[in-house]
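Remarks on the structure that follows.
Throughout, numbering of the chain's residues begins at 1 and tracks the sequence. Note that ligands are numbered from 1 as they come in the structure, with each ligand's atoms numbered from 1 the same way. All of these numbers come straight from a predicted model, not from anything done at the bench.
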Amino acid sequence: MRGGFLNRRTLQRFRQVAISATGSVKIKLLLCCCIVFTLIVIAGRAASFMGWTHHQASVGRFSVPRKGYTVLINTWKRNDLLKHSVSHYASCAGLDSIHIVWSEPDPPSDSLLKFLRHVVQSNSRDGRHIELKFDINKEDSLNNRFKEIRDVKTDAIFSIDDDVVFPCTSVNFAFSVWQSAPDTMVGFVPRIHWVDQPKGLLDYYNYGGWWSVWWMGRYSMVLSKAAFFHKKYLDLYTNQMPASIREYITKSRNCEDIAMSFLVANTTGAPPIWVKGKIFETGSTGISSLGGHSERRSQCINRFVAEYGRMPLVSTSVKAVDSRNIWFW
Ligand SMILES: *[C@@H]1O[C@H](CO)[C@@H](O)[C@H](O)[C@H]1NC(C)=O
């Protein structure tokens, strides 16, 4: 009886404590919600107040130094794409000059030259003078795109195909990443290699496209269809890299971008840097969608490994992202 009474009293006490505890938990939760909500509102205001939103002007002010970059455009019989590409990049802050690698039998027509000169001048920001140059090649070889440019004024080269267009904000961001690691290749299109174990004694390497990168969460190359690198690599590619590699590329009409990745990796001993950016492909899908492409690329990798006597590529999972684009990290 007594025990029962005590029990009931203690139980009542407990219940009171429990009720007040849940009460204060609820209040605390409510408070937390209020604080979080207020923080979100303040953060949203601060973002626009502090200029962290994507105004091109603020990007230009903070991340583009006086010395800019040279856009190196590789084109082949696609004048419409070339016109579109040139007129777009001319409007990017930080651009110093445009070099067009031309490997067609006929030189560029007068009307094309006139159009490009006009569009470069009228699209350039603040009336800056942007140099427009053609590198005319008699021979049609994929190595042309990495020929040394003698009178290039900037250290930074932004190498692109004529059918990919990136917003100026993405290009400027990639440029600022490159400036923090000027020996490294910094690009938008990652690729991976991996070892196939069961094929015999020697390592056989495979080339992996976008899906492989996504699946493994790693990459070891960035393609030169959209990448920044130092101008010294043009000299190394043309004058120092074994001629047998360049011959192989001319003959197989493929893999100049893989060769460039090998060259840079052999020099730095480090992986490239993949930068997040929006891509607009203006042309048709190109050779990468054709069957057998991956197999040929794998052959290139194994051929280059044999030339170097080792595998220089280093893989990584690091990706550079503009912190102004991510709020919760
Ligand atoms: C790779 O780098 C080494 C050491 O830096 C250099 O001696 C060699 O010539 C390079 N190989 C190629 C094929 O460029």
Side-chain angles (χ1 to χ4, degrees), residues 70 72 74 99 101 103 135 137 139-150 152 154-161 177-187 189-196 199-208 218-274 294-318:
T70 299
L72 185 61
N74 194 50
H99 280 251
V101 178
S103 309
D135 299 319
N137 299 279
E139 177 200 22
D140 166 32
S141 162
L142 287 175
N143 296 312
N144 290 345
R145 76 176 303 165
F146 297 138
K147 267 200 184 154
E148 203 183 349
I149 313 172
R150 297 221 175 272
V152 66
T154 64
D155 286 343
I157 304 287
F158 181 44
S159 162
I160 49 159
D161 280 357
V177 172
W178 176 84
Q179 285 177 304
S180 64
D183 282 339
T184 310
M185 220 168 147
V186 173
V189 188
R191 293 292 182 260
I192 181 79
H193 76 281
W194 76 90
V195 183
D196 214 357
K199 281 190 188 169
L201 293 170
L202 283 173
D203 282 343
Y204 183 83
Y205 293 96
N206 278 314
Y207 174 87
R218 302 188 74 77
Y219 63 97
S220 54
M221 296 167 257
V222 292
L223 298 188
S224 54
K225 70 189 279 179
F228 276 92
F229 53 76
H230 196 282
K231 68 174 178 194
K232 71 182 175 186
Y233 290 117
L234 296 175
D235 169 41
L236 286 178
Y237 186 98
T238 311
N239 304 315
Q240 309 284 314
M241 194 175 72
S244 49
I245 295 183
R246 286 192 301 275
E247 280 157 24
Y248 178 79
I249 286 161
T250 305
K251 236 188 294 165
S252 60
R253 311 197 110 269
N254 206 331
C255 300
E256 83 288 0
D257 45 1
I258 296 180
M260 185 52 112
S261 289
F262 268 68
L263 180 71
V264 177
N266 186 56
T267 308
T268 61
I273 300 176
W274 172 21
S294 221
E295 186 49 45
R296 283 178 65 197
R297 307 277 282 175
S298 296
Q299 282 167 12
C300 292
I301 289 187
N302 289 286
R303 172 69 187 251
F304 297 161
V305 166
E307 295 272 358
Y308 277 81
R310 67 186 191 101
M311 166 48 91
L313 297 178
V314 183
S315 78
T316 182
S317 58
V318 171

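Using modelled atom types, one finds no donor on one side chain facing an acceptor on the other under 3.5 Å when comparing Thr267 with Asp183. Under 3.5 Å, the side chains of Thr154 and Thr70 contain a donor-acceptor pair of N or O atoms.
Ranking the protein heavy atoms by distance from atom 13 (C) of ligand 1 puts Tyr308 CE2, 3.3 Å first.
Between the side chain of Thr238 and the main chain of Phe146, a donor-acceptor pair closer than 3.5 Å is present. Side chain of Asn137 to backbone of Asn144: no donor-acceptor contact under 3.5 angstrom is found.
Counting heavy atoms only, Asn266 comes closest to atom 5 (O) of ligand 1 of the residues Thr268, Asn266, Ile245.
Short contacts between ligand 1 and Pro242, defined as distances under 4.0 Å to a heavy atom of the residue, involve ligand atoms 13 (C).
By the 30° and 60° cut-offs, the orientation of the rings of Tyr219 relative to Trp274 is perpendicular.
Contacts between Pro312 and ligand 1 below 4.0 angstrom, taking non-hydrogen atoms only, are absent altogether.
In this structure, atom 7 (O) of ligand 1 is not in close contact with the protein, since no protein heavy atom lies within 4.0 Å of it.
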